[in-house]
Visitor: 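Pasting in a structure now, in structure tokens, and then I'll have a few things to ask.
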Amino acid sequence: MQIGQTNYDLSGLEILLIDSNKHMRLIARSILHSFGCKSVLEFGNSETAFEEYRHHEIDLVIVSWLLKPINGLEVVKLIRTDEDSPNVYVPIIMMSGRCEYQDVIDARDAGANEFLAKPIVPQTLYQRIISLIENPRPFIKCESFFGPCRRRRQAGPPQGIPERRKADVAQMESPQGDGVVPVGTVG
């Protein structure tokens with residue numbers, strides 16, 4: 001598949017797919033293979049998946065919201081904040097049949113990079129993956145949150161509203177590890 005003018009080779013990605021529904025895993029794996037992805041580790045149990053995550057170099061996590069024994073939001077939080085997490089910067093796509101505005105906000109606030117509504121469509125999944133490649137966001141580290149910057153655009157506050165972030169003690173971090181920047185200096 002191709003978006004814009006760039007055709008990406010996704011064959012080298014190591015993908016962790018977590019969904020309790022085996023049919024959804026089969027569909028997602030088939031779609032990922034159609035993109036050229038060769039390595040898809042899939043799990044139906046969230047604890048087993050996180051344990052395996054700790055032992056593999058994963059490039060992308062695709063996780064369903066409805067999981068047991070811990071749900072997808074908690075899996076995202078574990079990946080972002082657990083001391084045993086090998087890569088807190090790994091891109092994460094949250095999949096869910098729950099697609100209300102608040103659900104998207106909750107996934108974002110847990111640390112997910114992208115949100116994908118179920119049932120998944122190949123074009124939409126590909127767009128989410130390409131968005132992660134073409135538009136990486138710096139990470140925010142503050143007392144109450146660690147994850148990708150919640151702002152998709154660097155437009156600043158609406159006219160007439162003071163810039164709150166300049167006074168924040170939060171910091172932005174590059175996933176590449178090339179430094180921490182005070183939030184107020186970005187956008």
Side-chain angles (χ1 to χ4, degrees), residues 1-18 28 31-32 35-41 49-50 53-54 56-65 72-73 75-82 85-96 103-117 120-157 163 165-166 168-187:
M1 293 193 118
Q2 186 174 339
I3 293 181
Q5 300 298 318
T6 307
N7 190 13
Y8 291 96
D9 176 9
L10 304 178
S11 64
L13 291 180
E14 184 87 14
I15 299 172
L16 177 62
L17 173 63
I18 314 167
I31 292 170
L32 291 165
F35 299 160
C37 301
K38 295 177 182 171
S39 181
V40 180
L41 300 172
F50 184 72
Y53 173 72
R54 293 177 51 229
H56 293 275
E57 289 188 32
I58 301 297
D59 299 305
L60 172 63
V61 175
I62 302 174
V63 60
S64 178
W65 187 303
L73 288 179
V75 170
V76 172
K77 290 176 186 176
L78 274 174
I79 290 171
R80 294 289 183 234
T81 62
D82 191 272
S85 181
N87 181 5
V88 296
Y89 299 107
V90 67
I92 301 173
I93 299 174
M94 172 68 73
M95 293 189 301
S96 180
D103 299 322
V104 176
I105 297 301
D106 290 345
R108 178 202 70 184
D109 289 349
N113 297 73
E114 294 287 339
F115 190 91
L116 181 63
I120 62 174
V121 177
Q123 176 79 14
T124 308
L125 176 55
Y126 191 77
Q127 287 172 340
R128 297 301 185 276
I129 294 170
I130 298 312
S131 176
L132 294 169
I133 294 168
E134 293 182 349
N135 304 305
R137 290 182 276 157
F139 274 62
I140 301 291
K141 184 177 186 177
C142 64
E143 191 174 302
S144 62
F145 175 75
F146 178 76
C149 181
R150 299 177 215 184
R151 290 184 180 175
R152 289 198 174 267
R153 296 173 289 138
Q154 295 298 326
E163 173 65 67
R165 285 191 162 188
K166 290 190 189 290
D168 282 352
V169 295
Q171 297 179 343
M172 293 183 98
E173 239 176 68
S174 166
Q176 292 77 26
D178 55 359
V180 177
V181 180
V183 172
T185 64
V186 180

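For clarity, every value in this text was computed on a predicted model and none was experimentally measured.
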Visitor: State the CG-OG distance between Asn113 and Ser131, to the nearest 0.5 angstrom.
Guide: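 One finds 8.5 Å between CG of Asn113 and OG of Ser131.
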
Visitor: Could you check whether any side-chain heavy atom of Arg80 comes within less than 4.5 Å of a side-chain heavy atom of Val90, counting everything from C-beta outward?
Guide: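 Touching, per the 4.5 Å side-chain cut-off.
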
Visitor: Taking all heavy atoms of Tyr53 and all of Asn87, pick out the closest pair and write down the distance.
Guide: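 For Tyr53 versus Asn87, the nearest heavy atoms are OH-O, 2.5 Å.
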
Visitor: Would you compute the distance between atom CD1 of Ile79 and atom CZ of Phe50 and round it to the nearest 0.5 angstrom?
Guide: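 Reported value, rounded in 0.5 Å steps: 6.5 Å.
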
Visitor: Give the C-alpha distance, both sets of side-chain angles, the deciding distance and a yes or no for side chain to side chain contact (heavy atoms under 4.5 Å, CB included) between Ile18 and Met95.
Guide: CA-CA 9 Å; Ile18 314 167; Met95 293 189 301; over 6 Å; no

Visitor: Within the 4.5 Å heavy-atom criterion, are Leu116 and Met94 side-chain neighbours or not?
Guide: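 No - every pair of side-chain heavy atoms lies 4.5 Å or more apart.
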
Visitor: Under 4.5 Å between any side-chain heavy atoms of Phe139 and Phe145, yes or no?
Guide: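 They are not in contact (no side-chain heavy atoms under 4.5 Å apart), so the answer is no.
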
Visitor: Which residue is it: Ile31, Asp59, Leu32? I am looking for the one with a side-chain contact (heavy atoms from CB on, under 4.5 Å) to Cys37.
Guide: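 Of all the options given, the one that passes is Leu32.
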
Visitor: Go through Ile129 and Leu60 one step at a time and tell me if the side chain to side chain contact (heavy atoms under 4.5 Å, CB included) criterion holds.
Guide: CA-CA 9 Å; Ile129 294 170; Leu60 172 63; 4.0 Å; yes

Visitor: Less than 4.5 Å apart, any side-chain heavy atom of Val76 and any of Val63?
Guide: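 Val76 reaches Val63 side chain to side chain.
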
Visitor: Using side-chain heavy atoms (C-beta onward) and a distance below 4.5 Å, is Ile62 in contact with Ile15?
Guide: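 Side-chain contact under 4.5 Å: yes.
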
Visitor: Answer whether the closest heavy-atom distance between the side chains of Trp65 and Asp106 falls below 4.5 Å.
Guide: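 Yes; the side chains approach each other to less than 4.5 Å.
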
Visitor: To the closest 0.5 Å, what do you measure between CG (Leu125) and CD (Glu114)?
Guide: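 If we round to the nearest 0.5 Å, Leu125:CG and Glu114:CD are 10.5 Å apart.
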
Visitor: Flag the pair Glu134 / Tyr8 as yes when at least one side-chain heavy-atom distance between them is below 4.5 Å, and no otherwise.
Guide: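 Touching, per the 4.5 Å side-chain cut-off.
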
Visitor: Can you name the residues that form a side-chain hydrogen bond (donor to acceptor under 3.5 Å, both in side chains) with Asp109, not counting sequence neighbours?
Guide: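 Applying side-chain hydrogen bond (donor to acceptor under 3.5 Å, both in side chains) to Asp109 gives Arg150.
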
Visitor: Describe, in one word, how the ring planes of Phe35 and Tyr126 are oriented to each other, choosing from parallel (under 30°), tilted (30 to 60°) and perpendicular (over 60°).
Guide: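 Phe35 vs Tyr126 ring planes: perpendicular.
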
Visitor: What are the two closest heavy atoms between Ala112 and Pro148, and how far apart are they?
Guide: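 Nearest heavy atoms, Ala112 then Pro148: O-CG, 3.9 Å.
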
Visitor: Between Ile105 and Arg108, is there a side-chain heavy-atom distance shorter than 4.5 Å?
Guide: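 Yes, side chains in contact.
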
Visitor: Once rounded to the nearest 0.5 Å, what's the spacing between atom CG of Leu78 and atom CZ of Arg54?
Guide: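 Here the rounded value is 10.5 Å.
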
Visitor: Supply the atom-to-atom distance Ser39 OG to Leu16 CG, rounded to the nearest 0.5 angstrom.
Guide: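 Atom-to-atom, Ser39:OG and Leu16:CG are 10.0 Å apart.
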
Visitor: CZ/Arg128 to CD1/Ile133 distance, rounded to the nearest 0.5 angstrom?
Guide: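 Between atom CZ of Arg128 and atom CD1 of Ile133 there are 14.0 Å.
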
Visitor: Val88 vs Phe146, test: side chain to side chain contact (heavy atoms under 4.5 Å, CB included). Steps then yes/no.
Guide: CA-CA 9 Å; Val88 296; Phe146 178 76; 3.6 Å; yes

